[in-house]
Amino acid sequence: MSLTTYKLDIFDSTSADAATTKLTDVLLASTAAPTYFEPSKVRDVYYVDGGLCCNNPAFRAVALLAAEVPLDRIYVLSIATAGMPVARDGQESIGLRQYGWARPAIQLAMMGSSGVAARDCELVGYHYRIEEDLERTIELDDYEAAKTLLPALAQARANDELTLEGIERWLAGPSPTGDIFAGRWKGSYSWMQPDGTVTRTPEKLQIVQAGDFVYGEVESEWPYKFWAKVYVNVLIGEWAGRELRGSFFLTRNRETDVVSGTWVGTGDSKPYTGDWTWSDRKDDDQ
């Protein structure tokens, strides 16, 4: 949370200024919980803990992914940091004035935002949350208590049968009902420009698949990524490059294991179209 703008800032390794930003500065800012630690400076701005409004960052990650893929393709594993069971009637808050509200207000903000994120994560394809209730509160700056209590709790949860089942389902992902497209492919695509000129570009594709959902990244003269859904042996999806984006329709020939079809795109006010072919697939372990 910026003390200059009072807004949440997300530090991203792909941002323009990432190369000149120290990871240690970001970590100190991200953990600068008010009343526990001093604000921390990143470049020319002072920050406090973003947990005040985003204590559980899981749904923030979902929101970033949702710009590229449907919610039902997203699987979330959320590991809580443990907390005290809340069973209060609010009576202890009556009469609090000024600074007496400092820590209760912070706890309300952090626990409230975490709870909202956990509920909103139910919107995705699969969400599994691992959490544990403590017998007593561990203050944010009490690292001795954390070292004493948390490892045993974590180990017990890691050995819990229900926890293992929940994690295994997250790792496995949904079961596929259609063809498998995962692997490393050699490909090429043609594209027709508005003036009728046709060019063909070779490329290499790396594709992963979870259930009937496919995600791929492409190395070529014009690198891009794509995501799609499998319908038996047909793949329908979208792609996005640096400047252009569009959609595609591909069919896998089960005898030759060649995937081919058409794509369309735009982005600079001009329409583009062409064919797309994948062949010579290799599994990741080959």
Side-chain angles (χ1 to χ4, degrees), residues 1-83 102-103 105-131 140-141 146 170-171 173 206 208 210 213 215-218 223-227 238-245 267:
M1 288 290 291
S2 165
L3 293 179
T4 301
T5 63
Y6 278 37
K7 292 181 180 180
L8 181 72
D9 280 356
I10 303 295
F11 289 91
D12 190 325
S13 60
T14 63
S15 62
D17 51 13
T20 58
T21 303
K22 293 182 179 180
L23 180 59
T24 49
D25 290 345
V26 175
L27 291 173
L28 287 169
S30 181
T31 54
T35 77
Y36 291 94
F37 306 111
E38 292 290 332
S40 190
K41 193 174 185 180
V42 181
R43 296 189 295 272
D44 297 325
V45 179
Y46 282 96
Y47 290 91
V48 293
D49 185 3
L52 290 171
C53 70
C54 190
N55 195 37
N56 178 349
F59 200 71
R60 184 63 228 161
V62 169
L64 292 173
L65 282 173
E68 299 183 357
V69 297
L71 285 174
D72 60 358
R73 289 180 56 188
I74 300 174
Y75 272 39
V76 177
L77 175 64
S78 178
I79 305 175
T81 54
R103 290 206 171 177
I106 291 171
Q107 291 173 345
L108 282 167
M110 297 178 75
M111 294 182 68
S113 70
S114 182
V116 168
R119 289 195 298 272
D120 286 347
C121 276
E122 299 300 332
L123 296 171
V124 303
Y126 177 65
H127 171 236
Y128 187 72
R129 182 164 172 81
I130 303 173
E131 52 190 348
L140 292 181
D141 54 354
W170 176 78
L171 288 170
Q206 178 69 52
V208 295
F213 300 109
Y215 173 81
E217 294 185 354
V218 179
Y224 57 94
K225 53 190 175 181
F226 61 90
W227 47 97
E238 301 177 61
W239 61 271
R242 288 193 297 264
E243 299 176 358
L244 305 179
R245 63 184 303 136

Sub-4.5 Å side-chain heavy-atom contact between Trp239 and Leu244: yes
Quick check on the 6.0 Å ring-centre criterion: do Phe11 and Tyr47 meet it? yes
Tell me, do Ile130 and Leu77 make a side-chain contact under 4.5 Å, heavy atoms counted? yes
Salt bridge (Lys or Arg N to Asp or Glu O under 4.0 Å) involving Glu238 - partner list, sequence neighbours excluded: none
How long is the straight-line distance from NE2 of His127 back to CH2 of Trp170, given to the nearest 0.5 Å? 11.5 Å
Parallel under 30°, tilted from 30 to 60°, perpendicular over 60°: which one fits the rings of Tyr126 and Tyr128? parallel
Within-4.5 Å side-chain heavy-atom neighbours: Asp72 and Phe213: yes
With a sphere of 6.0 Å drawn around CZ of Phe37, does it hold more than 12 non-hydrogen atoms of other residues, nucleotides or ligands? yes
Closest approach of Val124 to Ile74 (non-hydrogen atoms, all atoms of both residues): CB-O, 3.3 Å
Look up atom CG in Asn56 and atom CZ in Arg129, then write down how far apart they are to the nearest 0.5 Å. 5.0 Å
Please name the pair of heavy atoms, one in Ser2 and one in Asp9, separated by the smallest distance, quoted to 0.1 Å. CB-OD2, 4.1 Å
Enumerate donor-acceptor pairs with a distance under 3.5 Å from any side-chain N or O in residues 16-25 to protein atoms, sequence neighbours excluded.
{"residue": "Asp17", "atom": "OD1", "partner": "Ser15", "partner atom": "OG", "Å": "3.1"}
{"residue": "Asp17", "atom": "OD2", "partner": "Arg43", "partner atom": "NH2", "Å": "3.1"}
{"residue": "Thr20", "atom": "OG1", "partner": "Asp17", "partner atom": "O", "Å": "3.1"}
{"residue": "Thr21", "atom": "OG1", "partner": "Asp17", "partner atom": "O", "Å": "2.8"}
{"residue": "Thr21", "atom": "OG1", "partner": "Arg43", "partner atom": "NH1", "Å": "2.4"}

Could you grab the distance from atom NZ of Lys225 to atom CZ of Arg245, nearest 0.5 Å is fine? 9.0 Å
For Leu123 and Leu71, work out which heavy atoms get closest and say how close. O-CB, 3.9 Å
Heavy-atom nearest pair, Leu28 first then Ser40, reads CB-OG, 3.3 Å
OG of Ser30 to CG of Asp49, rounded to nearest 0.5 Å, is 5.5 Å
Report the distance from atom CD1 of Ile79 to atom CD of Glu131, rounding to the nearest 0.5 Å. 12.0 Å
